[in-house]
Amino acid sequence: MHNINYIRENPVEFDNFMKSRGEKSVSQKIIDLDKEKREAQTALQNLLAERNQLSKTIGKLKGEKKDASQEMVQVDELKNKINAIKELEVIKNDELSAILSRLPNIPDSSTPIGANEEENVFYRDWGDKPFFDFDPKQHFEIGENANLMNFETATKLSGSRFVILKGQLSKLERAIANFMIDKHTSENGYVELHVPYLVKADTLYGTGQLPKFADDLFTAGDDHWLIPTAEIPLTALHSNEILNINQLPMRVTSYTPCFRSEAGAAGKDTRGMLRQHQFTKVELVSLVEPDHSKDELERMLSCAEGILKDLNLHYRVMTLCTGDMGFNANKTYDIEVWLPGENKYREISSCSNCGDFQARRMNTRYKKDEKNIHIHTLNGSGLAVGRTLIAVLENYQTADGNVIIPDALKKYFDNQDTLF
RNA sequence: GGAGAGAUGGCUGAGCGGUUGAAAGCACCGGUCUUGAAAACCGGCAAGGUGGCAACACCUUCCAGAGUUCGAAUCUCUGUCUCUCCGCCA
């Protein structure tokens, strides 16, 4: 949610920012509505003040056993005016928040301007593409050949975009998740939380998924929505609270399933387990003071990269351009891991600074020098577990269809050398 | 699922339909005292918004939403949540 005062004072700049994110110019409409709302509000408040004053007088008169009928008639007349103008105020306010709640965050000055993913900017990379003296297979070929990755049965149970992992692959999924959580909690200062997978609409509004992206979510009825990422419960932990400064920075992590309808992705990545309705992810969330969020984004990125380094998986980091960046973010780094089977880089993590955008929506502040200031929120995958599993399979595969277990994961496999 | 009780400021906890935005205590902040600290004493201490250059004035908020009333923390209805007992259950 945007600071209305900022829009009022910098309408042209605001429109330019929105344009860079593919939005139309709306500042004039916003300013007009805001003005109308405030005018109605002021008029309403004056009437209410008048009513309160009269009611007090009535109270006093009645206390003295005097006649108050004249004042009572006056209040009665005020009521109609009050109701009419209140209605107007509500309408204007609703119109205003309908617009504001659907506008994306303002990009950071270091976010490159661009129309779409083609214009994302290379930031850095690490490691090298592995060499194979055979044709590397894709992850689903490896998994299906081992009879440990089953899409057909999953489809029978649940429809498209689900998978069943069996035996060593199911164990690999667990091992990867444990490895990530263990590292983030022991080395990176994150506190592990086990959180609800169902949240209320209010919560999703606060983190920016609603009202605009309802189509991307699964509902479970009765104001219960399945989380598309643990970012939601983790970020919203302190909604409607004023934090003490010594609670910041707050770094939390959670390993959860994520549920996404993939509404706009029909026909995309249908083969394999790259894009599923349900997948697991280890999420990192930081709540920080405004001055620290830029540094925190770099720190978070490094924490996510650390996982891939430990697994010795080659990757590159891209800075997303304005046109490709998500709704909440003012700056986003995507980490793309190399998948030799597919011969492509694929997103495995996305680390975003949301500034005070979510904090405004969910009303999370902290007290500093007697003032209440919105915090900054950041979130990042650390990492997507399913996609990490894919990367391990494809990068560590051998000619005979086996998979070498990365050193970092060996302790979760009784020091076995290969998976199968 | 059945029966009952409840939801008030950071916390505990008063509150007759009318100077109650809300007593008191704790916590916190400032001051006096002290070599320093504690104690004691004095003072301060909710949030959001509107108008105003400002001082300041006003509005809203006592779980949420509707209603009764000239006036609601206080009365009525609905919803949500919490607690206790019973039943069921991983």
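This one's a predicted model, so the numbers in the text were calculated from it and none came from an experiment. Within every chain, numbering begins at 1; the chains are lettered A, B, ... in the order of the sequence lines, protein sequences first and strands thereafter.
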Checklist line | Contact letters for nucleotides 53-68 of chain B, in which S counts primed atoms plus P, OP1 and OP2 and B counts the base, heavy atoms under 4.0 Å | finding: -----SBS--------
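- For residues 217-265 of chain A, the set of pairs meeting the ring pair (Phe, Tyr, Trp, His ring centres under 6.0 Å) definition, not counting sequence neighbours, comprises F218(A)-H277(A).
- Remark: A40(B) base-pairs with U32(B); criterion is Watson-Crick or G-U wobble with both hydrogen-bond distances under 3.5 Å.
- When both pairing distances are held under 3.5 Å, G48(B) makes a Watson-Crick or G-U pair with C59(B).
- With sequence neighbours excluded, the residues satisfying side chain to side chain donor-acceptor pair (under 3.5 Å) with N5(A) are R8(A).
- Base pairing annotation: U74(B) forms no Watson-Crick or G-U wobble pair, as no partner gives both donor-acceptor distances under 3.5 Å.
- Separating the CG atom of N83(A) from the P atom of U69(B) is a distance of 12 Å, rounded to the nearest angstrom.
- Only M72(A), V75(A), K79(A), listed by number, bring a heavy atom of residues 70-82 of chain A to less than 4.0 angstrom from any atom of RNA chain B.
- Regarding contacts with the backbone of G51(B), a side-chain N or O of R38(A) is found under 4.0 angstrom from either OP1 or OP2.
- Checked against side chain to side chain donor-acceptor pair (under 3.5 Å), R360(A) has the following partners two or more places apart in sequence or in another chain: D356(A).
- U80(B) is paired with A7(B) under the criterion used here, namely a Watson-Crick or G-U wobble arrangement in which both key atom distances are under 3.5 Å.
- Between Y366(A) atom OH and G10(B) atom P there is a gap of 19 Å when expressed in whole angstrom units.
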Which atom pairs link the protein and nucleotides 43-47 of chain B when you take only N or O atoms and keep those under 3.5 Å?
unit_1 : atom_1 : unit_2  : atom_2 : d
A47(B) : OP1    : K367(A) : NZ     : 3.2
A47(B) : OP1    : N372(A) : ND2    : 3.3
A47(B) : O3'    : R365(A) : NH1    : 2.9

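- Using Watson-Crick or G-U wobble geometry with both donor-acceptor distances under 3.5 Å, U69(B) finds no partner in any strand shown.
- For H2(A) and F357(A), the ring centers are positioned less than 6.0 Å apart.
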